[in-house]
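It should be emphasised that the depicted structure is a prediction, and the values quoted were computed from it without experimental measurement.
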Amino acid sequence: MAENKDKITSCSVCNCGVDHTVDTASDHAVDLDDSQKESIKSQMLASDDALVMSEFFKALSDPTRLNMVHAMLLHKWLCVSDIASLVGLSKSAVSHQLAYMRINKLVRVKREGRKVFYALNDSHVESVFALALSHIKE
């Protein structure tokens with residue numbers, strides 16, 4: 001039986017630069033030796049990064065905020081009143097949610113006269129949303 005191994009030459013997750021081999025033919029568990037543990041530990045998230053990342057995921061953990069993200073994926077810039085109409089909340093509740101999302105770098109703001117418009121902060125937010133949606137649809 002031929003082994004099916006995919007070689008990843010640049011880690012796309014942590015950009016650690018280490019060559020990773022993913023064995024797609026078998027899925028067996030083995031205990032790590034001390035050097036393997038140290039190698040993994042040295043590449044793990046710094047505690048500050050883990051905290052910021054957990055806040056990012058918390059900001060995405062609410063169904064209303066996920067619907068707001070999806071709406072901004074479908075139409076880039078949306079004003080508060082349009083978002084409120086789309087998700088079925090008051091403008092005040094939407095503004096509160098958007099403020100939380102802005103603090104956690106999910107959205108950016110643009111003012112035009114008396115109106116305030118919001119869009120997703122960058123393509124990273126779009127990618128995370130798209131990957132999560134793809135994952136749950138499998």
Undergrad: Any link between Val116 and Leu98 through a network of hydrophobic side chains (Ile, Leu, Val, Met, Phe, Trp, Tyr) touching at under 4.5 Å?
TA: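 Yes; tracing contacts between hydrophobic side chains, which count when under 4.5 Å, links both residues.
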Undergrad: Quick check for you: to the nearest 0.5 Å, what is the distance between Ser81 atom OG and Lys115 atom NZ?
TA: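 It is 4.5 Å, given to the nearest 0.5 Å.
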Undergrad: So which heavy atom on Ala59 is nearest to which on Tyr100, and how close?
TA: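 Scanning both residues, the minimum pair turns out to be CA-CE2, 3.5 Å.
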Undergrad: What distance do Met53 atom CE and Leu51 atom CG have between them, rounded to the nearest 0.5 Å?
TA: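 If we round to the nearest 0.5 Å, Met53:CE and Leu51:CG are 11.0 Å apart.
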Undergrad: Yes or no on side chain to side chain contact (heavy atoms under 4.5 Å, CB included) for Met68 and Tyr118, after CA distance, side-chain angles and deciding distance?
TA: CA-CA 10 Å; Met68 292 165 67; Tyr118 288 86; over 6 Å; no
Undergrad: Strictly distance-based, threshold 3.5 Å: is any side-chain N or O of Asn104 a donor or acceptor partner for the main-chain N or O of Leu106?
TA: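 Not confirmed, Asn104 side chain does not pair with Leu106 backbone.
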Undergrad: Using a cut-off of 6.0 Å, state whether more than 12 heavy atoms not belonging to Asp34 lie near its atom CG.
TA: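 Atom CG in Asp34 is not packed in, count stays at 12 or less.
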Undergrad: To the nearest 0.5 Å, how far apart are CG in Asn67 and CE in Met72?
TA: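 These two atoms lie 10.5 Å from each other.
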Undergrad: What is the distance from atom SG of Cys79 to atom CZ of Arg111, rounded to the nearest 0.5 Å?
TA: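 The CZ atom of Arg111 is 13.0 Å from SG of Cys79, to the nearest 0.5 Å.
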Undergrad: If you take all heavy atoms of Lys91 and Val80, which pair is closest and at what distance?
TA: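 The pair with the smallest heavy-atom distance is O-CG1, 3.7 Å.
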Undergrad: Does one hydrophobic cluster hold both Leu66 and Leu74, with members joined at side-chain heavy-atom distances below 4.5 Å?
TA: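 They do not share one cluster, since no chain of ILVMFWY contacts under 4.5 Å joins Leu66 to Leu74.
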Undergrad: Counting distance only, does the side-chain N/O of Ser134 pair as donor-acceptor with the main-chain N or O of Leu131 below 3.5 Å?
TA: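 Judged by distance alone, no pair lies under 3.5 Å.
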Undergrad: Does either side chain, that of Ser42 or that of Glu38, offer a donor lying less than 3.5 Å from an acceptor on the other one?
TA: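 Side chains of Ser42 and Glu38: no pair found under 3.5 Å.
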Undergrad: Asp31 and Gln36: which non-hydrogen atoms are nearest, and at how many Å?
TA: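 Closest approach of Asp31 to Gln36: O-OE1, 4.2 Å.
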Undergrad: Determine the minimum heavy-atom distance between Leu60 and Val128, stating which atoms define it.
TA: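 So the two residues come closest at CD1-CG1, 3.8 Å.
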Undergrad: Any heavy-atom pair between the side chains of Leu86 and Leu78 that's under 4.5 Å?
TA: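 Yes, at least one pair of side-chain atoms sits under 4.5 Å.
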Undergrad: Transitively linked via ILVMFWY side-chain contacts under 4.5 Å: Leu120 with Ile103?
TA: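 Different clusters.
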Undergrad: Taking Gln43 for its side chain and Ser39 for its backbone only, find out whether a donor-acceptor pair lies under 3.5 Å.
TA: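 Confirmed, Gln43 side chain pairs with Ser39 backbone.
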Undergrad: So, does Asn121 use its side chain to make a donor-acceptor pair with the main chain of Lys105 at under 3.5 Å?
TA: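 Such a contact is found between Asn121 side chain and Lys105 backbone.
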Undergrad: Treat each ILVMFWY residue as a node, draw an edge where side-chain heavy atoms are under 4.5 Å apart, and state whether Met101 and Val109 are in one component.
TA: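 Result: yes, single cluster for both.
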Undergrad: Please report the C-alpha distance between His70 and Phe129 in whole Å, then the side-chain angles of each, then the deciding distance to 0.1 Å, and finally whether the side chain to side chain contact (heavy atoms under 4.5 Å, CB included) criterion is met.
TA: CA-CA 8 Å; His70 197 201; Phe129 184 89; 3.6 Å; yes
Undergrad: What distance separates Leu89 CG from Gln97 CD, expressed to the nearest 0.5 Å?
TA: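 Separation between the atoms: 7.0 Å.
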Undergrad: Under the side chain to side chain contact (heavy atoms under 4.5 Å, CB included) criterion, do Ile40 and Met44 qualify, and how do the steps go?
TA: CA-CA 6 Å; Ile40 291 169; Met44 290 174 61; 4.2 Å; yes
Undergrad: Using a cut-off of 6.0 Å, state whether more than 12 heavy atoms not belonging to Arg108 lie near its atom CZ.
TA: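 Yes, enclosed.
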Undergrad: Determine, using the 4.5 Å side-chain heavy-atom cutoff (strictly less than), whether Val69 and Phe117 are members of one ILVMFWY cluster.
TA: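 Looking at the clustering, Phe117 is in a separate group from Val69.
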